[in-house]
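Step one of this worksheet: look at the structure below.
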Amino acid sequence: MPVYDLHTHSTYSDGTLRPAELIARAAEQGVDVLALTDHDSTEGLAEATAAAQQHGVRLINGVEISVTWSARTIHVVGLGIDAANPSLQNGLAGLREQRAERARKMAAKLEKAGIPDALNTVSVMAGTEAATRTHFARFLVECGAARDMQAAFKKWLGRKGKAYVSGEWTELENAVGWITDAGGQAVIAHPVRYKMTNTKLKALIDEFRHFGGGGIEVATSSHAMHERRKIAEIAGQNALLSSVGSDFHTPGNPRIELGQYLDLPAGCEPIWNTWRFD
Ligand code: AMP
Ligand code: MN
Ligand code: MN
Ligand code: MN
């Protein structure tokens with residue numbers, strides 16, 4: 001059985017490994033099929049494609065799109081996209097502008113709270129890409145304003161944090177539309193993380209399917225086994241394909257590794273059953 005990991009990040013969003021380093025690590029970990037799914041960007045895919053050829057890893061072109069749905073942030077992963085698709089690229093460019101705008105607002109809040117220079121430092125960290133809250137969290141840890149990443153989110157960047165600014169992302173219909181326009185499959189990322197009621201999750205799934213979405217992440221690092229079973233059941237009831245992805249960002253977390261700890265409960269229809277490799 002091939003090993004799949006269909007949700008990962010590189011330095012082209014908030015990961016710490018370059019695409020080539022990520023692919024090399026995936027090969028070491030025995031991953032056969034890897035999707036690079038950076039936040040609102042496909043800029044890492046060119047480097048990843050070359051590295052994947054070199055290491056004998058099959059690369060799936062991916063992206064993780066930020067969506068505002070029912071006054072909350074939802075992530076939609078796109079798998080098998082044509083990164084050259086203009087409607088997808090226009091959409092992602094708009095999201096990156098939103099990110100830049102939000103970064104300015106977060107930095108202003110930090111400045112007021114006595115923490116200067118966040119925007120400069122975070123911009124340097126993010127390089128050519130738009131800043132994420134992860135970059136802000138690393139900055140806050142480095143300057144001593146937070147003990148660790150968890151604390152940075154709790155005290156500063158999370159919903160109740162002092163520098164919180166809610167992202168104004170795209171609509172669900174747009175995200176799913178861009179992905180399917182680009183020939184890809186849309187997947188609801190880490191559904192358990194949204195802490196929705198069953199009714200709310202059902203409403204999300206109904207809309208998502210209505211717009212052309214077809215998959216849901218069942219096995220991902222933030223889902224415990226009992227949560228995977230619950231989502232697997234919901235996937236079955238709603239005719240959604242099951243996806244698996246570590247959501248790997250950086251080495252060093254013993255519970256999050258490329259291609260590891262991604263067992264699907266029995267009875268799932270894996271999304272790759274619909275794929276034809278040639
Ligand atoms: P953004 O899309 O810029 O709002 O940033 C969201 C990213 O922050 C997620 O993709 C995670 O990588 C990261 N993140 C969110 N919450 C936490 C947390 N409590 N601890 C560490 N990283 C987090
Ligand atoms: Mn992230
Ligand atoms: Mn996510
Ligand atoms: Mn992710």
Side-chain angles (χ1 to χ4, degrees), residues 4-19 22 26 31 34-45 48 60-69 72-79 81 92 95-96 98-99 102-103 106 122 125-127 129-141 148-150 152-153 156-159 166-167 169-170 172 175-176 179 184 186-196 201 204 208 213 215-223 227 231 243-253 255-262 271:
Y4 291 84
D5 189 337
L6 304 178
H7 185 156
T8 68
H9 295 273
S10 75
T11 46
Y12 284 86
S13 61
D14 55 351
T16 61
L17 300 185
R18 293 195 54 87
L22 185 79
V31 176
L34 183 98
L36 176 60
T37 56
D38 277 312
H39 296 287
D40 308 319
S41 173
T42 59
E43 298 298 309
L45 291 174
I60 305 294
N61 285 345
V63 66
E64 180 174 19
I65 300 184
S66 308
V67 168
T68 300
W69 180 81
R72 62 190 91 205
T73 297
I74 299 292
H75 287 169
V76 175
V77 162
L79 297 176
I81 47 167
L92 297 182
L95 284 169
R96 294 198 295 268
Q98 286 300 315
R99 285 192 167 279
R102 186 188 59 157
M106 289 195 292
V122 160
M125 277 185 197
E129 297 305 299
T132 67
R133 280 186 296 162
T134 311
H135 295 101
F136 277 88
R138 289 186 192 127
F139 161 74
L140 288 165
V141 173
D148 54 28
M149 297 290 282
Q150 213 48 31
F153 274 89
W156 298 103
L157 305 168
R159 231 171 218 294
S166 75
W169 310 125
T170 195
L172 184 63
V176 175
I179 291 166
V187 175
I188 298 174
H190 42 62
V192 174
R193 287 239 306 253
Y194 311 133
K195 297 189 170 68
M196 287 178 185
L201 181 57
L204 170 65
F208 176 73
I216 191 164
E217 279 180 357
V218 171
T220 179
S221 301
S222 54
H223 289 181
E227 294 167 332
I231 300 298
S243 191
V244 307
S246 61
D247 206 359
F248 180 93
H249 284 71
T250 189
N253 184 333
R255 283 166 300 136
I256 305 179
E257 185 52 82
L258 294 169
Q260 311 300 313
Y261 325 116
L262 296 176
I271 193 161

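Indexing begins at 1, ligand by ligand and atom by atom, following the structure's order. Treat the numbers as computed from the prediction; the structure is a model and nothing was measured.
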Subject >> Nearest-0.5 Å distance, CD1 of residue I216 to CZ of residue F208 >> reply: 7.5 Å
Subject >> the Mn ion (ligand 4) neighbourhood, protein N/O/S only, threshold under 2.8 Å >> reply: H7 NE2, H9 NE2, E64 OE1, D247 OD1
Original post:
With sequence neighbours left out, what residues match R18 under salt bridge (Lys or Arg N to Asp or Glu O under 4.0 Å)?
Top reply: E47
Subject >> Qualifying residue for side-chain contact (heavy atoms from CB on, under 4.5 Å) with Y4, from L34, V31, V244 >> reply: V244
**OP:** Check D14 and report its N/O/S atom nearest to the Mn ion (ligand 2), by atom name.
**Re:** OD2
**OP:** In sequence, state the C-alpha distance, the side-chain angles, and the governing distance for V63 and D40, and then conclude on side chain to side chain contact (heavy atoms under 4.5 Å, CB included).
**Re:** CA-CA 6 Å; V63 66; D40 308 319; 5.8 Å; no
Subject >> Pair H190 + H75: ring centers closer than 6.0 Å >> reply: yes
Original post:
What is the distance from atom CG of L36 to atom OG1 of T8, rounded to the nearest 0.5 Å?
Top reply: 4.5 Å
